[in-house]
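Comments concern the structure below.
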Amino acid sequence: MSPSMPSPVIIYRYDASPYSVKIDNILILKNITHQKVNVSPVLPRPEITDLLGITYRRIPILAIGNDVYCDTSLIASALERRFPSSAGYGTIFPRSKDSGATDTGAIKIFAKLYESTIFPTASGLLPWEALPKAFLDDRSSYIGGPIDVKAMTALQGKSLTTLSSHLALLEEQLNDGREWLFNSELPSLADITVHFIFTWVKKIGVRPAKSLVDTSNFPRTLSWLTRISDYLQSRQTGQAAVQSITGDHAAKTIVSAAHEPYNVVGFNNQEAGYLGLKLNDYVQIAPDDTGKKFSTVGKLVGFNKEETVIEVQGSEGLLRCHFPRLVYTVTNIRPHKL
């Protein structure tokens with residue numbers, strides 16, 4: 001039986017998004033009942049920007065009650081914290097077979113660094129010359145400059161050899177016959193992170209990428225990829241089908257739901273002071289790398305070493321929006337006056 005759901009969970013996603021698949025797989029692994037809103041692969045997305053008031057443009061985002069989490073690294077942490085194994089849910093930080101301990105920090109660091117290093121390289125294998133103009137224009141706006149299709153295509157050889165080198169490192173990691181990357185009892189966030197990237201590479205179908213999925217080159221790694229896919233399929237069997245809902249329905253559900261008490265995240269005055277921030281300041285938050293011009297604004301109500309929380313007003317009502325501290329910048333727009 002599925003564990004009871006304390007707050008409604010809604011993911012905003014689209015099928016072709018590899019990052020959506022990453023969170024889909026975490027939801028499967030943890031057996032969390034949820035609903036989904038399928039959004040456009042390109043802007044505009046009024047169900048997010050207008051109804052929720054969130055102008056952050058990366059997908060997916062995920063709501064737990066009135067709290068909306070941005071960036072898959074924070075979404076993963078929030079799902080683990082709010083749906084713990086102690087309550088009957090699965091975990092993305094299983095115990096080590098060697099020590100019996102959980103390598104939570106090491107797995108988080110690995111996942112964050114691996115994803116930020118490998119995914120941009122993997123995206124170089126997209127069939128750039130076959131992509132529609134609307135998609136290229138949208139992603140050009142996202143990265144802050146025009147995409148040079150010929151230049152991207154010319155770099156595919158470098159992408160291939162770089163990914164090949166990383167696959168060789170995975171092959172070395174699996175050389176001792178371990179089942180999962182960190183020799184954990186079950187798949188961890190590390191396995192989910194690497195899996196979603198290379199499974200996506202396989203699905204791209206670019207002819208030169210065939211060498212990356214050649215079992216004669218990386219037998220242990222490809223066996224491991226299959227093992228994770230099979231495990232996720234087995235976990236999904238028997239779980240309730242994910243219900244698709246409209247953006248209007250989702251927004252009404254989110255704004256009418258309860259939010260997590262502010263003291264859970266808290267407000268670290270020392271950390272905020274480094275940035276000249278105070279509780280209830282009006283701020284904007286944006287990623288440091290891509291999508292910088294798509295900042296989200298709101299009132300600062302939570303701030304610790306892992307996340308920032310702001311109150312955001314959409315056309316449907318008020319919600320709390322959470323962003324990671326790492327690789328995001330918070331800028332004061334209007335200081336709070338006592």
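Note: hydrogens, waters and symmetry copies are ignored here, and every other heavy atom, side chains too, is used.
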Under the salt bridge (Lys or Arg N to Asp or Glu O under 4.0 Å) criterion, do D138 and R57 qualify, and how do the steps go?
CA-CA 11 Å; D138 178 80; R57 61 150 295 162; 2.8 Å; yes
Would you call the rings of F110 and F182 parallel, tilted or perpendicular, taking 30° and 60° as the class edges?
perpendicular
Evaluate the criterion side-chain contact (heavy atoms from CB on, under 4.5 Å) for residue pair Y282 and N332; output intermediate values, then yes/no.
CA-CA 6 Å; Y282 198 64; N332 200 331; 5.6 Å; no
For the residue pair I254 and A63, what are the closest heavy atoms and their distance?
CD1-CB, 3.6 Å
Heavy-atom closest contact (V255 atom, E316 atom, distance):
CG2-O, 3.4 Å
Hey, could you give me the CD/CZ distance between Q173 and R220, rounded to the nearest 0.5 Å?
12.0 Å
Near-ring test F196/Y19, centroid separation under 6.0 angstrom
yes
For R45 and Y14, run side-chain hydrogen bond (donor to acceptor under 3.5 Å, both in side chains): C-alpha distance rounded to whole Å, both residues' side-chain angles, the deciding distance at 0.1 Å, then the answer.
CA-CA 11 Å; R45 298 184 185 120; Y14 62 90; 4.8 Å; no
Which atom of D191 lies closest to which atom of S184, heavy atoms considered:
OD2-OG, 4.4 Å
All salt bridge (charged side-chain N to carboxylate O under 4.0 Å, His left out) counterparts of E185, not counting sequence neighbours
R95
Same cluster or not: are L43 and L51 linked, directly or through other Ile, Leu, Val, Met, Phe, Trp or Tyr residues, by side-chain heavy atoms under 4.5 angstrom apart?
no
Would you say T102's side chain and T104's backbone share a donor-acceptor pair under 3.5 angstrom?
no
Kindly indicate whether the side chain of L319, heavy atoms from C-beta on, has any atom under 4.5 Å from the side chain of L52.
yes
For a 4.5 angstrom cut-off between non-hydrogen side-chain atoms, does V309 reach C321?
no
Given side chains that start at C-beta, do those of W128 and K150 come closer than 4.5 Å, heavy atoms only?
no
Verify salt bridge (Lys or Arg N to Asp or Glu O under 4.0 Å) between E260 and R320, making sure each step is shown before the conclusion.
CA-CA 9 Å; E260 193 172 51; R320 284 75 192 167; over 6 Å; no
Any donor and acceptor pair, going by atom type alone, linking the side chain of H34 with main-chain N or O of I32 inside 3.5 Å?
yes
On a heavy-atom basis, which atom in G247 and which in Y12 lie closest, and how many Å separate them?
O-OH, 4.5 Å
Please identify each residue that fulfils salt bridge (charged side-chain N to carboxylate O under 4.0 Å, His left out) with D15, with sequence neighbours left out.
R13
Path from I107 to Y89 over hydrophobic side-chain contacts below 4.5 Å:
yes
Run the side-chain contact (heavy atoms from CB on, under 4.5 Å) check on Y69 and I61 step by step: do they pass?
CA-CA 6 Å; Y69 295 88; I61 61 173; over 6 Å; no
Do L170 and W200 share a hydrophobic cluster (ILVMFWY, side-chain heavy atoms under 4.5 Å, transitive)?
yes
Calculate, to the nearest 0.5 Å, the distance between atoms CZ and OG belonging to F218 and S223 respectively.
14.5 Å
Say whether L318 and I310 are linked into one hydrophobic cluster, either directly or through other cluster members, by side-chain heavy-atom distances under 4.5 angstrom.
no
Would F323 and Y56 count as a side-chain contact (heavy atoms from CB on, under 4.5 Å) if you check the C-alpha gap in whole Å, the side-chain angles of each, and the deciding distance to 0.1 Å?
CA-CA 10 Å; F323 292 89; Y56 170 85; 3.7 Å; yes
Just to verify, what does Q236 make a side chain to side chain contact (heavy atoms under 4.5 Å, CB included) with, not counting sequence neighbours?
I28, Q233
pair L136-V149: side-chain heavy atoms closer than 4.5 Å
yes
Does any N or O in the side chain of S17 come within less than 3.5 Å of the main-chain N or O of S20, such that one atom is a donor and the other an acceptor?
yes
Roughly how far, to the nearest 0.5 Å, is the OG1 atom of T33 from the CD atom of Q35?
10.0 Å
Validation row: F198, L225 side chains within 4.5 angstrom (heavy atoms):
yes
Any chance you could lay out the side-chain hydrogen bond (donor to acceptor under 3.5 Å, both in side chains) test for Y328 and E307, step after step, and finish with the verdict?
CA-CA 10 Å; Y328 282 77; E307 62 185 280; over 6 Å; no
By ring-ring contact (aromatic ring centres under 6.0 Å, His included) - contacts of F303 (at least two apart)
none
T55 (side chain) donor-acceptor with S295 (main chain) under 3.5 angstrom:
yes
Set of side chain to side chain contact (heavy atoms under 4.5 Å, CB included) partners for P46, sequence neighbours left out:
P44, D50
Backbone N or O of A106 within a donor-acceptor pair of the D103 side chain at under 3.5 Å?
no
V242-V21 co-clustered via ILVMFWY side chain contacts under 4.5 Å
no
Smallest heavy-atom separation, A122 atom then V201 atom, equals CB-CG2, 3.7 Å
In Å, rounded to the nearest 0.5 Å, how long is the span from NZ of K299 to CZ of R334?
10.5 Å
Just do the side-chain hydrogen bond (donor to acceptor under 3.5 Å, both in side chains) check on N304 and N268 with the steps written out, would you?
CA-CA 5 Å; N304 63 23; N268 189 315; over 6 Å; no
T72 and E115, any side-chain heavy atoms less than 4.5 Å apart
yes
Within 6.0 angstrom of K97 NZ, more than 12 heavy atoms from elsewhere
yes
Nearest-0.5 Å distance, CD1 of residue I197 to NE2 of residue H166
9.5 Å
Taking atom types as modelled, is there a side-chain donor on Y262 or E311 under 3.5 Å from an acceptor on the other?
yes
Is it the case that R178 places NZ or CZ above or below the six-membered ring of W224, under 6.0 angstrom from the centre and within 45 degrees of the axis?
no
Full working for side-chain hydrogen bond (donor to acceptor under 3.5 Å, both in side chains) between Y142 and T290
CA-CA 6 Å; Y142 171 57; T290 50; 2.9 Å; yes
Taking only residues two or more places apart in sequence or in another chain, which ones pass salt bridge (charged side-chain N to carboxylate O under 4.0 Å, His left out) with D71?
R58, K112
Between atom CZ of R235 and atom NZ of K30, what is the distance when rounded to the nearest 0.5 Å?
9.5 Å
Is there a side-chain contact between P324 and E306 in this structure, where contact means two heavy atoms from C-beta onward sitting under 4.5 Å apart?
no
Check the surroundings of atom CD in E271: do more than 12 heavy atoms from other residues, nucleotides or ligands lie under 6.0 Å from it?
yes
Apply side-chain contact (heavy atoms from CB on, under 4.5 Å) to T308 and I285, showing your working.
CA-CA 9 Å; T308 303; I285 306 177; 3.6 Å; yes
Are T221 and V194 packed together at the side-chain level, in the sense that at least one heavy-atom pair is separated by less than 4.5 angstrom?
no
Minimal non-hydrogen separation, I192 against K22, with atom names
CG2-O, 3.9 Å
